Amino acid sequence: MGRLDGKVAYITGGARGQGAAHARTFAREGADIVIIDLCADLGTVRYPLADREDLDAVAADVRGLGRRCIAAVADVREQDQLDAVTAQALEEFGKIDIVFANAGIQGVAKFWEMTEEQWDDMIAINQTGVWKTAKSTAPSMIERESGSLILTGSMNCHEGLPEYCHYTASKHAVMGLMKCFAIELGPHNIRVNCICPGVIDTPLLDNPMNREWAAGFKGADKDDALAAARHWSILKGTALLPPEAISEAAVFLASDEGRYIHGTSLDVDAGHMVMPGFNHAPVQPEGFPRRQHEGYNPYAT
Ligand SMILES: NC(=O)c1ccc[n+]([C@@H]2O[C@H](COP(=O)([O-])OP(=O)(O)OC[C@H]3O[C@@H](n4cnc5c(N)ncnc54)[C@H](O)[C@@H]3O)[C@@H](O)[C@H]2O)c1
């Protein structure tokens with residue numbers, strides 16, 4: 001018996017990465033799946049996004065698990081495209097129980113060098129796309145007085161990062177949306193929560209642009225990025241976390257086990273948020289002698 005038997009889950013950004021892991025995990029737990037993805041690259045995103053083959057592969061896996069699947073190419077920036085998929089899902093599956101507003105992009109640029117297109121695409125997808133996804137799917141859940149809406153946040157719901165101002169602004173907004181959706185949907189018995197992933201091993205992070213950003217030098221490879229990622233968390237042996245770590249937390253939130261969890265955010269970050277702030281590279285005054293602090297590890301047991 002699965003923990004999501006008989007449910008229908010609607011997942012944006014489902015062709016790969018976390019969204020694909022959510023689709024496979026939810027299907028394994030008994031849910032029928034609606035996956036949505038742009039399946040195209042964007043000029044402002046410096047790594048390839050998913051394609052139709054990725055989407056079809058996830059759909060094949062879901063069907064291979066014995067579940068039904070609608071796999072749709074749609075853009076979370078376009079309300080009419082989302083509404084068409086929602087209508088198809090209601091027509092074919094009769095209901096939507098779980099909505100996972102997960103689609104997102106990432107980019108790095110100093111805020112004074114960022115182009116308006118970079119800013120606009122980020123906000124349109126990561127922030128407005130979440131509102132449009134909820135707007136499209138909430139009415140049928142309100143009608144049935146039942147549902148669970150999960151938003152994908154980030155550590156950047158809580159904190160800033162250099163060259164991440166558009167991403168951080170969008171993810172702080174996701175937290176605000178979660179709170180307002182929870183207030184408005186709670187009286188209709190629809191639960192709303194946010195999952196805040198730490199650093200997750202998906203193409204959004206594992207790409208040449210981000211390896212260099214994380215490791216801090218040009219030409220950084222995956223091992224360099226992994227070494228850098230170890231500084232992100234405290235839990236022993238963790239670097240980039242598997243996307244299934246987020247899916248498992250989502251199953252808990254979406255299932256009956258989470259029935260009283262509403263209006264909250266769940267960090268899945270191997271301890272990142274409890275790390276004390278420490279600037280490893282402060283700008284020292286002119287002539288200040290360099291001190292060697294390598295070798296000292298306050299977290300070592
Ligand atoms: N990877 C991480 O470390 C990390 C950490 C925190 C939060 N997140 C968030 O997790 C979510 C999933 O990202 P991921 O890590 O799986 O990355 P990913 O790039 O593997 O997956 C994102 C998916 O969203 C799709 N997408 C992008 N724009 C879209 C649009 N306009 N309409 C529909 N689909 C679109 C992409 O094609 C891709 O399949 C994002 O919201 C991201 O911000 C990721």
Side-chain angles (χ1 to χ4, degrees), residues 10-23 34-58 71-79 81-82 85 100-107 120-130 132-133 136 150-159 161 164 166-175 177 194-207 209-211 213-214 225 228-229 232-233 238-247 249-250 265-270 272-273:
Y10 179 108
I11 304 166
T12 66
R16 71 168 194 207
Q18 293 176 58
H22 303 335
V34 181
I35 38 172
I36 291 171
D37 207 284
L38 179 64
C39 293
D41 289 342
L42 283 175
T44 56
V45 178
R46 285 166 48 203
Y47 56 91
L49 295 176
D51 59 24
R52 181 77 221 199
E53 259 179 49
D54 295 321
L55 187 71
D56 290 341
V58 180
V73 175
D75 187 336
V76 297
R77 294 171 296 181
E78 301 296 337
Q79 192 71 62
Q81 294 182 17
L82 288 170
V85 183
F100 209 143
N102 163 81
I105 57 169
Q106 192 252 30
D120 288 345
D121 279 352
M122 183 67 75
I123 299 299
I125 294 172
N126 289 19
Q127 175 177 332
T128 315
V130 169
K132 288 184 175 175
T133 302
S136 183
I150 302 174
L151 314 184
T152 304
S154 161
M155 294 295 96
N156 298 110
C157 289
H158 310 301
E159 64 183 12
L161 270 182
Y164 260 66
H166 52 347
Y167 187 86
T168 301
S170 73
K171 292 296 185 180
H172 272 61
V174 166
M175 191 64 97
L177 290 172
C194 185
I195 296 186
C196 295
V199 285
I200 312 299
D201 196 356
T202 71
L204 174 144
L205 267 201
D206 185 24
N207 61 67
M209 170 196 75
N210 207 72
R211 287 174 182 174
W213 181 91
W232 193 261
S233 57
T238 51
L240 297 179
L241 308 180
E244 290 73 21
I246 308 305
S247 312
S265 71
L266 178 57
D267 296 340
V268 183
D269 65 345
H272 173 78
M273 284 312 297

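Note that ligands are numbered from 1 as they come in the structure, with each ligand's atoms numbered from 1 the same way. Since the structure is predicted, the reported quantities are computational estimates derived from the model, not experimental observations. Quick note: residue numbers are just sequence positions, from 1.
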Quiz item: Is the shortest N/O to N/O distance between I200 and ligand 1 below 3.5 Å?
Solution: yes
Exercise. State, without any angle test, whether S247 and H22 hold a side-chain donor-acceptor pair at a distance under 3.5 Å.
Key: yes
Practice problem: For L49, take its heavy atoms, then give the atoms of ligand 1 lying under 4.0 Å from any of them. | Solution: 37 (O)
Quiz item: Which of the atoms in ligand 1, numbered in the order shown and given with their element, are less than 4.0 Å from a heavy-atom of A74?
Solution: 32 (N), 33 (C)
Self-check item: Nitrogen or oxygen atoms of P197 and ligand 1 under 3.5 Å apart
Solution: no
Quiz item: To the nearest 0.1 Å, how far is atom 32 (N) of ligand 1 from its closest protein heavy atom, and which atom is that?
Solution: V76 N, 3.0 Å
Quiz item: Any sub-3.5 Å donor-acceptor pair from D267's side-chain atoms to G198's backbone N or O?
Solution: no
Quiz item: Quick one: which ligand 1 atoms are inside 4.0 Å of a heavy atom on D75?
Solution: 30 (C), 31 (N), 32 (N)
Self-check item: Numbering as shown, the atoms of ligand 1 that approach G104 to under 4.0 Å (heavy-atom distance)
Solution: 22 (C), 24 (O), 27 (C), 40 (C), 41 (O)
Practice problem: Before signing off on this row, confirm whether I105 and ligand 1 have an N or O atom pair separated by under 3.5 Å. | Solution: no
Self-check item: For ligand 1, the portion of K171 having any non-hydrogen atom under 4.0 Å away
Solution: side chain
Practice problem: Could you please spell out the steps behind the side chain to side chain contact (heavy atoms under 4.5 Å, CB included) verdict for D37 and D54? | Solution: CA-CA 9 Å; D37 207 284; D54 295 321; over 6 Å; no
Self-check item: Side chain, backbone, both or neither: the part of L38 lying under 4.0 Å from ligand 1 by heavy atom
Solution: both
Quiz item: Taking the side chain as C-beta and beyond, is there a heavy-atom pair between V268 and P197 under 4.5 Å?
Solution: no
Quiz item: Could a heavy atom of T12 be found less than 4.0 Å from some atom of ligand 1?
Solution: no
Quiz item: Mind checking whether A124 has a heavy atom under 4.0 Å from ligand 1?
Solution: no
Exercise. Provide, to 0.1 Å, the distance between atom 38 (C) of ligand 1 and the closest protein heavy atom, together with that atom's residue and name.
Key: D37 OD2, 3.5 Å
Quiz item: Can you tell if the side chain of M175 reaches within under 4.5 Å of the side chain of L151, non-hydrogen atoms only?
Solution: no
Exercise. Distance to 0.1 Å, residue and atom name: give those for the protein heavy atom nearest to atom 15 (O) of ligand 1.
Key: T202 OG1, 2.6 Å
Quiz item: With only distance considered, is N126 within less than 3.5 Å of ligand 1 through an N or O on each side?
Solution: no
Self-check item: Intermediate values then yes/no, side chain to side chain contact (heavy atoms under 4.5 Å, CB included), C194 and V174
Solution: CA-CA 8 Å; C194 185; V174 166; 4.2 Å; yes
Quiz prompt | Contact check: A50 vs ligand 1, nitrogen or oxygen atoms, below 3.5 angstrom | solution = yes
Quiz item: Quick check: does Q18 get an N/O under 3.5 Å from an N/O on ligand 1?
Solution: yes
Exercise. Give the atoms of ligand 1, by number and element, whose distance to some non-hydrogen atom of G13 is under 4.0 Å.
Key: 23 (C), 24 (O), 25 (C)
Exercise. Consider every N or O of T152 and every N or O of ligand 1, then say whether any pair is closer than 3.5 Å.
Key: no
Self-check item: Geometric class of the W232/H272 ring pair [parallel <30°, tilted 30-60°, perpendicular >60°]
Solution: parallel
Self-check item: Identity and distance of the protein heavy atom lying nearest atom 17 (O) of ligand 1
Solution: L204 CB, 3.1 Å
Quiz item: Is there a heavy atom in R16 that sits closer than 4.0 Å to ligand 1?
Solution: yes
Quiz item: Is the shortest distance from a heavy atom of G129 to ligand 1 less than 4.0 Å?
Solution: no
Quiz item: Under 4.0 Å from any heavy atom of V199, which atoms of ligand 1 are there?
Solution: 3 (O)
Self-check item: Y167: numbered ligand 1 atoms lying under 4.0 Å from its heavy atoms
Solution: 6 (C), 7 (C), 8 (N), 9 (C), 42 (C), 43 (O)
Quiz item: Is H166 reaching over with its side chain to a backbone N or O of D120, donor-acceptor style, under 3.5 angstrom?
Solution: no
Quiz item: With a 4.5 Å limit on heavy-atom distance, are the side chains of N156 and Y164 in contact?
Solution: yes
Practice problem: Taking atom CD of E159 as the centre, report whether more than 12 heavy atoms of other residues, nucleotides or ligands fall under 6.0 Å from it. | Solution: yes
Exercise. Pull out every atom of ligand 1 sitting under 4.0 Å from any heavy atom of N102, numbered as shown with elements.
Key: 11 (C), 12 (C), 40 (C), 41 (O)
Quiz prompt | T152 backbone acceptor or donor facing K171 side chain under 3.5 Å | solution = yes
Quiz item: Would you say the side chains of T12 and T133 form a donor-acceptor pair under 3.5 Å?
Solution: no
Quiz item: Given the rule in the side chain to side chain contact (heavy atoms under 4.5 Å, CB included) test, do L205 and I200 qualify, once you have shown the distances and angles that lead to the verdict?
Solution: CA-CA 7 Å; L205 267 201; I200 312 299; 5.6 Å; no
Exercise. Tell me which protein heavy atom sits closest to atom 5 (C) of ligand 1, plus the residue, atom name and distance to 0.1 Å.
Key: G198 O, 3.0 Å
Self-check item: Derivation of the side chain to side chain contact (heavy atoms under 4.5 Å, CB included) call for S265 and H158
Solution: CA-CA 10 Å; S265 71; H158 310 301; 4.1 Å; yes
Quiz item: Is the closest basic N to carboxylate O distance between D121 and R77 below 4.0 Å?
Solution: yes
